[in-house]
Undergrad: 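What follows is a single structure, and I will ask about it in a moment.
All heavy atoms count here, side chains included; hydrogens, waters and symmetry mates do not. Please read all numbers here as calculations on a predicted model, not as lab measurements. Quick note: residue numbers are just sequence positions, from 1.
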Amino acid sequence: MALDYSQKVMDHFINPRNVGEIPDADGVGEAGNPKCGDIMKIYLKVNPETKIIDDVKFKTFGCASAIASSSMATEMIKGRTIEDAWNLTNNAVAEALDGLPPIKMHCSVLAEEAIHTALNDYRAKNGMEVIPMEHHEE
């Protein structure tokens, strides 16, 4: 069964942006799906005065959709405030990739969850209130 991936998914899979890790990250988050085996880890560097995400990196073990979702999501939150980044939805990530096959939508959910986990890690380290995360059904 061949999946019909958009050009943007293929571009972010073949040429992923922001790959790597930030050793002294201000926030680190991980999300995984035991059903498919995809695991995403997001690293954030946040400007202490402006609360703007100055740098973001990711490491993902997974399929083309998982890597493309990680890459696009990091592009979408870089340069935004932590509040703006929190509001990034999995649907926005999928739309920015010109869609994901329905069987692969969980990959965009993992990107959203990894970002939320990283932002909550940042909040906890800085004495801020941690925001409860919604759990998406798959």
Side-chain angles (χ1 to χ4, degrees):
M1 172 179 97
L3 295 175
D4 190 21
Y5 290 115
S6 72
Q7 283 300 114
K8 279 192 183 173
V9 170
M10 292 308 297
D11 180 40
H12 278 267
F13 169 61
I14 295 167
N15 306 298
R17 283 65 151 180
N18 305 309
V19 175
E21 55 187 278
I22 301 172
D24 59 340
D26 298 318
V28 179
E30 189 172 311
N33 182 322
K35 289 181 199 162
C36 66
D38 293 337
I39 300 170
M40 293 181 188
K41 199 162 189 179
I42 302 277
Y43 303 82
L44 303 174
K45 198 74 179 152
V46 180
N47 181 305
E49 281 89 45
T50 63
K51 305 290 186 255
I52 288 175
I53 297 169
D54 285 337
D55 197 12
V56 55
K57 301 276 186 210
F58 79 90
K59 289 181 110 177
T60 293
F61 177 83
C63 65
S65 295
I67 292 166
S69 293
S70 302
S71 175
M72 180 58 82
T74 59
E75 286 283 279
M76 293 174 80
I77 66 167
K78 195 174 201 175
R80 292 173 68 179
T81 64
I82 59 170
E83 290 80 16
D84 282 348
W86 183 269
N87 293 322
L88 178 69
T89 65
N90 71 293
N91 287 328
V93 172
E95 286 172 23
L97 288 167
D98 291 337
L100 287 170
I103 197 168
K104 294 295 184 177
M105 276 302 286
H106 68 274
C107 295
S108 63
V109 172
L110 287 180
E112 178 184 332
E113 289 177 353
I115 288 168
H116 283 178
T117 305
L119 289 167
N120 272 337
D121 183 49
Y122 169 79
R123 285 187 176 103
K125 287 177 179 173
N126 288 278
M128 301 165 74
E129 184 181 349
V130 172
I131 300 173
M133 296 188 345
E134 293 178 26
H135 289 286
H136 297 270
E137 295 299 317
E138 293 181 31

Undergrad: So, taking the atom named NZ in Lys104 and the one named CG in Asp4, what distance separates them when rounded to the nearest 0.5 Å?
TA: 13.5 Å
Undergrad: Could you work out the complete set of other residues in the hydrophobic cluster of Ile22, with links drawn between I, L, V, M, F, W and Y side chains under 4.5 Å apart?
TA: Val28, Tyr43
Undergrad: Side chains of Met133 and Thr117: does their closest heavy-atom pair fall under 4.5 Å?
TA: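 Answer yes - side chains close enough.
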Undergrad: Give, for atom CD of Glu95 and atom OG of Ser108, the distance between the pair rounded to the nearest 0.5 Å.
TA: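 The CD atom of Glu95 sits 10.0 Å away from the OG atom of Ser108.
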Undergrad: Met105, Ile67: one ILVMFWY side-chain cluster at the under-4.5 Å cut-off?
TA: yes
Undergrad: How about Ile77 and Leu44: do any of their side-chain heavy atoms sit closer than 4.5 Å?
TA: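 Yes, their side chains come closer than 4.5 Å.
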Undergrad: Under 3.5 Å, is there a donor-acceptor pair between the side chain of Ser69 and the main chain of Ala66?
TA: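 Checked: no pair found.
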Undergrad: Is there any salt bridge (Lys or Arg N to Asp or Glu O under 4.0 Å) pair reaching into residues 82-91, and which pairs are they, with sequence neighbours excluded?
TA: none
Undergrad: Is Asp98 close to Gln7 at the side-chain level, that is, under 4.5 Å between some pair of heavy atoms?
TA: no
Undergrad: Go through the structure and list residues passing side chain to side chain contact (heavy atoms under 4.5 Å, CB included) with Ala68, not counting sequence neighbours.
TA: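 Residues passing side chain to side chain contact (heavy atoms under 4.5 Å, CB included) with Ala68: Val9, His12, Leu97.
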Undergrad: Given side chains that start at C-beta, do those of Leu119 and Arg123 come closer than 4.5 Å, heavy atoms only?
TA: yes
Undergrad: Under the ring pair (Phe, Tyr, Trp, His ring centres under 6.0 Å) definition, can you give me all pairs with a residue in residues 76-96, not counting sequence neighbours?
TA: Trp86-His116
Undergrad: Side chains of Cys107 and Asp38: closer than 4.5 Å at any heavy-atom pair?
TA: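 Contact flag for Cys107/Asp38 side chains = yes.
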Undergrad: What closest approach, in Å, do Gly99 and Ser6 show between heavy atoms, and which atom pair accounts for it?
TA: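 Nearest pair, atom of Gly99 first, then Ser6: O-OG, 4.1 Å.
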Undergrad: About how many Å separate CD1 of Ile82 and CG of Asn47, when rounded to the nearest 0.5 Å?
TA: 11.0 Å
Undergrad: Considering only distance and modelled atom types, tabulate donor-acceptor pairs under 3.5 Å from the side chains of residues 52-65, sequence neighbours left out.
TA:
| from | atom 1 | to | atom 2 | distance (Å) |
| --- | --- | --- | --- | --- |
| Lys59 | NZ | Glu21 | OE2 | 2.7 |
| Thr60 | OG1 | Ser70 | OG | 2.6 |

Undergrad: How would you list, by chain and number, every residue that makes a side chain to side chain donor-acceptor pair (under 3.5 Å) with Glu75, sequence neighbours excluded?
TA: Asn18
Undergrad: List in chain and number order the residues that pass side chain to side chain contact (heavy atoms under 4.5 Å, CB included) with Ala92, two or more places apart in sequence or in another chain; answer none if no residue qualifies.
TA: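 Counting only residues at least two positions away or on another chain, Ala92 forms a side chain to side chain contact (heavy atoms under 4.5 Å, CB included) with Met76, Leu88, Thr89.
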Undergrad: For residues 124-133, which residue pairs qualify under salt bridge (Lys or Arg N to Asp or Glu O under 4.0 Å), counting only residues two or more places apart or in two chains?
TA: Asp121-Lys125
Undergrad: My understanding is that only residues two or more places apart in sequence, or in another chain, count here; which of them pass side chain to side chain contact (heavy atoms under 4.5 Å, CB included) with Asn15?
TA: Asp11, Arg17
Undergrad: With rounding to the nearest 0.5 Å, note down the distance linking CG in Asn87 to CD1 in Ile115.
TA: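 Here the rounded value is 11.5 Å.
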Undergrad: Is Ile42 linked to Val19 within one hydrophobic cluster, defined over Ile, Leu, Val, Met, Phe, Trp and Tyr using a side-chain heavy-atom separation of less than 4.5 Å?
TA: yes
Undergrad: With sequence neighbours left out, write down each residue that passes side chain to side chain donor-acceptor pair (under 3.5 Å) with Asp24, or none if nothing qualifies.
TA: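 Asp24 satisfies side chain to side chain donor-acceptor pair (under 3.5 Å) with Lys45 only.
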